[in-house]
Amino acid sequence: MEAFIITGLLYIGISYFLTPDNADSLLAGYNTMSDERKKLYDITSTVKMLNLTMRWSGISTSILAILAIVFKWPIAVIISILICILTIPSMIMSIYTRLKYSEDPMRWYDWLAPIGMIVGSLVLAYYIN
């Protein structure tokens with residue numbers, strides 16, 4: 001359980017490390033785009049949303065781990081909840097920032113990974129319990 005607390009604190013720490021200045025080298029996908037395509041993105045707003053999502057995920061993970069220790073929850077329950085509170089908000093944030101802070105339109109195949117991750121997370125969480 002302590003590993004979940006450490007993971008949550010790492011998420012929070014990383015969220016303070018990522019800035020619009022270093023996003024060009026740290027954000028997967030963005031760092032491989034051409035300069036013309038990068039101009040279509042508002043990286044400052046995207047990084048702000050990413051940091052908020054990482055902080056929320058880190059705080060939620062830490063609180064969940066503390067509750068699990070106090071109430072002695074089984075590991076399967078904790079993993080199911082973590083799958084949902086880490087994956088689903090990240091994928092929703094990915095879609096939201098792309099639609100709101102980008103002039104690069106989402107094509108049909110850009111929707112596959114986030115929606116697949118959300119559905120997969122829910123199915124996995126269901127079958128773990």
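In this structure, the separation between OG on Ser90 and CD1 on Ile95 is 11.5 Å, given to the nearest 0.5 Å. In this structure, CD1 in Ile6 is found 12.5 Å from OG1 in Thr61, a value given to the nearest 0.5 Å. Rounded to the nearest 0.5 angstrom, Ile43 CD1 and Thr19 OG1 are separated by 10.0 Å. From Ile83, atom CD1 reaches atom CD1 of Ile128 across 3.5 Å, with rounding to the nearest 0.5 Å. Note that CD1 of Ile79 and CG of Leu86 are 11.5 Å apart. Values are rounded to the nearest 0.5 Å. Note that OG of Ser34 is 8.0 Å distant from CG of Leu40, once rounded to the nearest 0.5 Å.
Heavy atoms only, all atoms of each residue included: Thr87 and Ser121 are closest at CG2-OG, 2.9 Å. Minimum heavy-atom separation, Ser80 to Ala125: OG-O, 3.2 Å. The shortest non-hydrogen separation linking Asn31 to Ala28 is OD1-CA, 3.9 Å. Residue Cys84 comes nearest to Pro89 through the heavy atom pair O-CD, 3.2 Å, listed as atom of the first residue, atom of the second, then distance. The two residues Asn22 and Leu18 come nearest to each other via the heavy atoms OD1-CD1, 3.5 Å.
The hydrophobic clustering, which links ILVMFWY residues whose side-chain heavy atoms are closer than 4.5 Å, places Met49 and Leu26 together. Under the 4.5 Å side-chain heavy-atom criterion for grouping Ile, Leu, Val, Met, Phe, Trp and Tyr, Trp73 is connected to Val70 within one hydrophobic cluster. The hydrophobic clustering, which links ILVMFWY residues whose side-chain heavy atoms are closer than 4.5 Å, places Tyr127 and Leu122 apart. Each of Tyr16 and Leu10 belongs to its own hydrophobic cluster when Ile, Leu, Val, Met, Phe, Trp and Tyr are linked at side-chain heavy-atom distances under 4.5 angstrom. In terms of hydrophobic clustering, with Ile, Leu, Val, Met, Phe, Trp and Tyr side chains grouped at heavy-atom distances under 4.5 Å, Met117 and Ile88 are assigned to a common cluster.
In this structure, the side chain of Asn51 engages the main chain of Ser15 through a donor-acceptor pair within 3.5 Å. With Thr32 contributing its side chain and Gly29 its backbone, the two residues share a donor-acceptor pair below 3.5 Å. Between the side chain of Ser102 and the main chain of Leu99, no donor-acceptor pair closer than 3.5 Å is present. No side-chain donor-acceptor contact under 3.5 Å links Ser62 to the backbone of Ile59.
The salt bridge (Lys or Arg N to Asp or Glu O under 4.0 Å) test applied to Arg55 returns no partner, not counting sequence neighbours. Residues that satisfy the side chain to side chain contact (heavy atoms under 4.5 Å, CB included) test with Met33, not counting sequence neighbours, are Tyr30, Arg37, Lys38, Tyr41. Asp110 is linked by a salt bridge (Lys or Arg N to Asp or Glu O under 4.0 Å) to Arg98, counting only residues two or more places apart in sequence or in another chain.
The closest side-chain heavy-atom distance from Ile118 to Ile92 is below 4.5 Å. By the 4.5 Å heavy-atom criterion applied to side chains, Ile75 and Phe4 are counted as neighbours. At least one side-chain heavy atom of Leu27 sits under 4.5 Å from a side-chain heavy atom of Val47. For the pair Thr7/Leu82, no side-chain contact is recorded, criterion being any heavy-atom separation below 4.5 Å from C-beta on. Residues Tyr11 and Trp56 fail the side-chain proximity criterion, which asks for heavy atoms closer than 4.5 Å.
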